[in-house]
Structure formats: C-alpha cells, structure tokens
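Please read the structure below before turning to the comments.
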Amino acid sequence: MALPEEVVASARVPRIGPYSQAVRVGDLVFTAGQPGIDPRTGQVAGDTFELQARQAFANLRAVLEDAGSTLDRVVKVTCFVADVGAFGTLNALFEEFFPGSPPVRSTPVVALPRGLLFSIDAIAVAGAGRGSGTAA
C-alpha cells in the first residue's frame, strides 16, 4: 500500500529551481537542499560561510515548519560545503541549531552554484497536524 504524499511549498523561502521544497510522506518530511539565499532579496546572504549557513538554517526551519515539523524533529541532514575549512564553523552552528541531540549528518565537499558556500537538506519527523504549506 502506497503512503499518501504531500508536496509542500513554502512562500517564506526562495526556490531557485524546478523542484519541490519538501515532500511529506506519512510522518516523515524530506526537504530539498536549502541554500543561504536571503528570502527578502533573492540573493546570496553574504560572502562568508557563517552568514550563508545561518540563512540556510533559517530557510530549513521555515520549510520544516510549513511542512508540519521543526528543527528539533530532524533525524538526518546532508550538509553540502564548498570549503573543507568550514567544518569548525559548521560544528559550532550544529551545537547552536541542534542543541542536545544532533541529527545524523553527512557532509560532502562540493562545488555549489551562484557563489554559495553551504546548503542543507533534511529528513524530519512530522507533527500530528498538517503543515501550513501549500500542497501541489
């Protein structure tokens, strides 16, 4: 038996390509990579890893909330970094955004478009209620 699937679109977060921002299947939410793009300007949120990563975490939080979840319900992330030297900053941000029990993490070093230095996707457990995102 196939699980019902809900595509979630967040008006609070910029989408920079033809993809779903999140898909909710049963009690799980799968997000697309959330880059450090400022929703107000549509531009990269600064020229440092930390500024971009902070914006990416904020974007991830918004998409998860719109899909009926939160950062504290994340079980797995993939963090895409453009510079291996950013791991110290990433670890400090993880302690801030995932205090207590951080999710499982994979962190490939890759080339990212538009001068981006960081992107993060996640798998999270959804809450009992539906998100406020728009089903497509």
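This chain uses plain numbering: 1 for the first residue, then up along the sequence.
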Atom of Cys79, atom of Pro108 and distance for their closest heavy-atom approach: O-CD, 3.3 Å
Report yes if the side chains of Gln43 and Ile37 come closer than 4.5 Å at any heavy-atom pair, otherwise no. no
What do the steps show when you test Arg73 against Glu65 for salt bridge (charged side-chain N to carboxylate O under 4.0 Å, His left out), and what is the final call? CA-CA 10 Å; Arg73 299 194 63 145; Glu65 288 172 353; over 6 Å; no
Are Arg12 and Gln21 close enough that some pair of their side-chain heavy atoms sits under 4.5 Å apart? no
Here the pair of heavy atoms bringing Gly46 nearest to Leu51 is CA-CD1, 4.0 Å
Please examine the side chains of Gln34 and Asp121, heavy atoms only from C-beta on, and report whether any two atoms are closer than 4.5 Å. no
Only counting residues at least two apart or in another chain, list the ones meeting side-chain hydrogen bond (donor to acceptor under 3.5 Å, both in side chains) with Asp38. Arg40
Got a donor-acceptor contact below 3.5 angstrom from the Glu6 side chain to the Val23 backbone? no
I'd like to know if the side chain of Thr31 and the backbone of Ala122 have a donor-acceptor N/O pair within less than 3.5 Å. yes
In chain order, what residues pass the side-chain hydrogen bond (donor to acceptor under 3.5 Å, both in side chains) check against Thr48, with sequence neighbours excluded? none
May I ask you to list the residues sharing a hydrophobic cluster with Leu93, side-chain cutoff 4.5 Å, ordered by chain and number? Val29, Phe49, Phe57, Leu60, Leu64, Leu71, Val74, Val77, Val81, Val84, Phe87, Leu90, Phe94, Phe97, Phe98, Val109, Leu117, Phe118, Ile120
Just by distance, do the side chain of Asp66 and the backbone of Ala9 share a donor-acceptor pair under 3.5 Å? no
For the residue pair Leu112 and Pro35, establish whether any side-chain heavy-atom pair is separated by less than 4.5 Å. no
Using side-chain heavy atoms (C-beta onward) and a distance below 4.5 Å, is Val44 in contact with Gln52? yes
Would you say the side-chain atoms of Arg24 pair up with the backbone N or O of Leu28, donor to acceptor, closer than 3.5 Å? no
Indicate whether any N or O donor in one side chain lies under 3.5 Å from an N or O acceptor in the other, for Asn91 and Glu95. no
Tell me every residue that passes side-chain hydrogen bond (donor to acceptor under 3.5 Å, both in side chains) with Ser20, counting only those two or more places apart in sequence or in another chain. none
Mind checking whether Val13 and Ile16 sit in one hydrophobic cluster, side chains of I, L, V, M, F, W, Y counted as touching below 4.5 Å? no
Only counting residues at least two apart or in another chain, list the ones meeting salt bridge (Lys or Arg N to Asp or Glu O under 4.0 Å) with Arg61. none
What are the two closest heavy atoms between Val63 and Ala22, and how far apart are they? CG1-CB, 3.7 Å
Mind checking side-chain hydrogen bond (donor to acceptor under 3.5 Å, both in side chains) for Ser106 and listing every partner two or more places apart, or none if nothing turns up? Lys76
